[in-house]
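Read the structure below first, then the notes.
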Amino acid sequence: MSALAQLQQDPRVVVRREGLPDPQGKCVVYWMQRAQRGWDNPALDMAIKVANELQKPLAVFFGLHPKYPNSNWRHYAFLVAGIRETWEQVEKRGAAFVFRAYPQHDLIRFCAEVGAALVIGDENPMREPEGWRQSATRKLRVPFWTVDADVIVPSKFFPKEEYAARTLRPKLHKLLSAFFTPLENPNARHRWTDATRPASQPLDEQTVLSDLPLDRSTQPVSHYVGGTRAGQNVLRQFVQHGLRDYDTARNLPHLPGTSNLSAYLHFGQLGPHTIALAVRDAEAPQVAKDAFLEEMIVRRELAINFVARNPQYDKLAGCHEWARKTLAEHRADPRPYLYNEAELEQAETHDPLWNAAQLEMVVTGRMHGYLRMYWAKKILEWTPSPEEAFDIAVRLNDRYELDGRDPNGYTGVAWAIGGKHDRPWPPARPVFGMIRYMTAGGCARKFDVKSYIKRVEALAGRSAQLGTHPALFH
């Protein structure tokens, strides 16, 4: 077997367009999308290995499209903040980074321009990016491989939708030792000359953002800065100061007990290997490390499995039959309160805790994971139907969360409203049926609700109580 054929057999690789590299091709192209980083990136590693084997230079193409579904100014500001650093990391590894923003962002035109011999991409289970990869497969005239770069264990080992964490966990742990290892991070050996190097657009963050036709109704946040270096700083702080109490503090929203890494993972500015290996090798109680790795690997890759294998992942119809049945049986139950989407978006409910959670998301671009569950369940309780509740929760999550439009977000909504990856919880309750129920009183017994609300008020810079009608969204 040739060296190239051996690379093709890598378990992370999906061969989307077969064939031999174009013998007249001048370079290998890596189409970077989901894995927006120049280090600990299996797709970049594979592209470098292929380029080295073919004795050709590597071009890393980043085409910035302004119309990713449900995205807005907030998300693009975080994304663009990381491009310069990724550019520098890629160049240090011997490849040429080529940035092309809309309307010059087309992959097919770029491959024709540079004479691609073979194209590498990264995998993304979401509906629209998968559609883009299928389109590229049809339009390219050279081999096209994609690499599963943002999971620890490649998703191809789990070809069917898993019912719950308990069904995935043993399968995943059986394979974990083969993949939970440091990545190689090789360098490209065949460099571009000044004369042959493909042209890149200049990158000025403010100019790029101002020129893109973006949805500008949701402003960028100041609490989180995009980019690998910023993500590494957050990771370092967490490992040094937050990890030791993670097993208990992560479910206490009034404390800084979570990692705050989800946005960096979503944009691929940090990879799962970087984070998981740092936690595995940290000096911290094993129970805390185990709790984090369960969330980071098992639960995260369960969410990716759900989105990859269930075409209705962002609808109630994608949830278990038992859950849809019990919700249907209680569809006509009286709701204690009814709010429309605008009132929910404006945090205009009777519940100060829910308002605080909504406001935290709007102001900071994140909501504590425990409160995401409470937040979504109350939307179910306060809207006319479970379908409408599901759709509203998805829209608000996608719009305001920096890590929205992500498998974790859709899985979280599906768990909270549609019982996904959960079980029935008898006896049946009004509205919820046998969907797991949460109350403000239960939250108050679990954590210091008043301290949490005060912290959010301080973040928002608001002196009024969280039951008023703030006009701070539009």
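Computed from a predicted structure; not experimentally measured. In what follows, residues are counted from 1 in the order of the sequence shown.
Within the 4.5 Å cutoff, the side chain of Phe179 has heavy atoms near those of the Arg12 side chain. Side chains of Val394 and Asp391 form no contact here, defined as non-hydrogen atoms less than 4.5 Å apart. The side-chain heavy atoms of Arg37 and Leu270, taken from C-beta on, include no pair separated by under 4.5 Å. When side chains are defined from C-beta on, Val279 counts as touching Leu293, because their heavy atoms get closer than 4.5 Å. Residues Ile304 and Ser155 have side chains in contact (heavy-atom distance under 4.5 Å, counting atoms from C-beta outward). Taking 4.5 Å as the limit, some side-chain heavy atom of Arg300 sits within range of a side-chain heavy atom of Asn408. Here the side chains of Thr274 and Leu235 are in contact, with some heavy-atom distance below 4.5 Å. Side-chain contact between Leu176 and Val153: present, with at least one pair of heavy atoms (C-beta onward) separated by less than 4.5 Å.
Side-chain N or O atoms of Gln358 include one that pairs as donor or acceptor with a backbone N or O of Glu345 at under 3.5 Å. The backbone N or O of Pro57 lies less than 3.5 Å from no partner atom in the side chain of Arg191, so there is not a single donor-acceptor pair. Of the possible polar contacts, one joining the Asp398 side chain to the Arg405 backbone as a donor-acceptor pair under 3.5 Å is found. One N or O on the side chain of Asn185 and one on the backbone of Asp40 form a donor-acceptor pair closer than 3.5 Å. At distances below 3.5 Å, not a single donor-acceptor pair connects side-chain atoms of Gln312 with backbone N or O atoms of Gly318. Although no hydrogens or angles enter the test, the distance criterion places a donor-acceptor pair under 3.5 Å between the side chain of Arg17 and the main chain of Leu140. No side-chain donor-acceptor contact under 3.5 Å links Lys49 to the backbone of Ala188. Although no hydrogens or angles enter the test, the distance criterion places a donor-acceptor pair under 3.5 Å between the side chain of His75 and the main chain of Asn72. Remark: the backbone N or O of Asn187 is not paired with any side-chain donor or acceptor of Arg189 at under 3.5 angstrom. Between the side chain of Lys56 and the main chain of Lys26, no donor-acceptor pair closer than 3.5 Å is present.
The residues Arg93 and Asp45 are annotated as salt-bridged, a charged nitrogen and a carboxylate oxygen being separated by less than 4.0 angstrom. A salt bridge is absent between Glu401 and Arg366; no separation between the charged side-chain nitrogens and carboxylate oxygens falls under 4.0 Å. We find that Arg169 and Glu294 are joined by a salt bridge, their nearest charged nitrogen and carboxylate oxygen being less than 4.0 Å apart. Looking at Arg197 and Glu91, a side-chain N of the basic residue comes within less than 4.0 Å of a carboxylate O on the acidic one, giving a salt bridge. Salt bridge annotation for Glu387-Lys315: absent, with no cationic side-chain nitrogen under 4.0 angstrom from a carboxylate oxygen. Between Asp122 and Arg133 there is a salt bridge, since a side-chain N of the basic residue sits under 4.0 Å from a carboxylate O of the acidic one. Checked for salt-bridge contact, Arg84 and Glu205 miss the test: no charged N lies under 4.0 Å from a carboxylate O. Salt bridge present: Arg395 and Glu341 bring a charged side-chain N and a carboxylate O closer than 4.0 Å.
Ring geometry for Phe97 versus Phe62: interplanar angle under 30°, hence parallel rather than tilted (30 to 60°). Taking the six-membered ring where the residue is Trp, Phe306 and Tyr313 present perpendicular rings, their angle passing 60° and hence far from 30°. Note on ring orientation: taking the six-membered ring where Trp is involved, the planes of Phe78 and Tyr264 are tilted (angle from 30° to 60°).
Every side-chain contact (heavy atoms from CB on, under 4.5 Å) that Thr248 has, sequence neighbours left out, goes to Asp245. Residues satisfying the side-chain contact (heavy atoms from CB on, under 4.5 Å) criterion with His105, sequence neighbours excluded, are His65, Tyr102.
Annotation: Gln240, atom CD; neighbour count of heavy atoms from other residues, nucleotides and ligands within 6.0 Å is above 12. For Arg127, the CZ atom counts as densely surrounded, since its 6.0 Å shell holds more than 12 non-hydrogen atoms of other residues, nucleotides or ligands. Other residues, nucleotides and ligands place more than 12 heavy atoms under 6.0 Å from the CD atom of Glu88. For Gln206, the CD atom counts as loosely surrounded, since its 6.0 Å shell holds 12 or fewer non-hydrogen atoms of other residues, nucleotides or ligands.
The two residues Gly418 and Leu316 come nearest to each other via the heavy atoms CA-CD1, 4.0 Å. The two residues Trp375 and Ala393 make their nearest non-hydrogen contact at CH2-O, 3.4 Å. Residue Leu261 comes nearest to Gly231 through the heavy atom pair CD2-O, 3.8 Å, listed as atom of the first residue, atom of the second, then distance. Arg455 and Glu360 make their closest contact through NH2-OE2, 3.6 Å (heavy atoms, listed as atom of the first residue, atom of the second, distance). In terms of heavy-atom proximity, Arg100 sits nearest to Phe61 at CG-CE1, 3.5 Å. Closest non-hydrogen pair, Gly409 versus Asn397, comes out as CA-ND2, 4.0 Å.
The closest side-chain donor-acceptor pair between Arg399 and Thr218 falls under 3.5 angstrom. Between Asn310 and Glu161, the side chains place a donor N or O and an acceptor N or O closer than 3.5 Å (distance only, hydrogens not considered). In summary, the side chains of Thr207 and Ser210 do not present any donor paired with an acceptor at a separation below 3.5 Å, with no hydrogens or angles considered. For the residue pair Glu162 and Thr167, a side-chain donor N or O sits within less than 3.5 Å of a side-chain acceptor on the partner.
Rounding to the nearest 0.5 Å gives a distance of 11.5 Å between OG of Ser177 and NE2 of His173. Remark: Ile83 CD1 to Gln269 CD distance equals 9.0 Å, nearest 0.5 Å.
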Just do the side chain to side chain contact (heavy atoms under 4.5 Å, CB included) check on Arg436 and Trp415 with the steps written out, would you? CA-CA 9 Å; Arg436 188 193 299 247; Trp415 180 90; 3.3 Å; yes

Full working for side chain to side chain contact (heavy atoms under 4.5 Å, CB included) between Ile120 and Trp31: CA-CA 6 Å; Ile120 302 287; Trp31 177 29; over 6 Å; no

Step by step, work out the side-chain hydrogen bond (donor to acceptor under 3.5 Å, both in side chains) result for Tyr30 and Asn41. CA-CA 12 Å; Tyr30 166 34; Asn41 180 346; 3.3 Å; yes

Checking Leu265 against Met296 for the side chain to side chain contact (heavy atoms under 4.5 Å, CB included) test, could you report, in this order, the C-alpha distance in whole Å, the side-chain angles of both residues, the deciding distance, and whether it holds? CA-CA 10 Å; Leu265 269 170; Met296 176 72 203; 3.7 Å; yes

Side chain to side chain contact (heavy atoms under 4.5 Å, CB included) between Val208 and Tyr76: does it pass, once the steps are laid out? CA-CA 10 Å; Val208 168; Tyr76 278 92; over 6 Å; no

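Cation-pi geometry between Arg309 and Phe158 is not satisfied (NZ or CZ under 6.0 Å from the ring centre, within 45° of the ring normal). Cation-pi geometry between Arg324 and Trp322 is not met: the NZ or CZ atom fails to fall both under 6.0 Å from the ring centre and inside 45° of the normal.
In summary, of the residues considered (Val147, Thr86, Leu58), a side-chain contact (heavy atoms from CB on, under 4.5 Å) with Leu44 occurs for Leu58 alone. Each of Arg34, Lys156, Arg16 was scored for a salt bridge (charged side-chain N to carboxylate O under 4.0 Å, His left out) with Glu123, with one residue passing: Arg16.
For Phe390 and Tyr410, the ring centers sit 6.0 Å or farther from each other.
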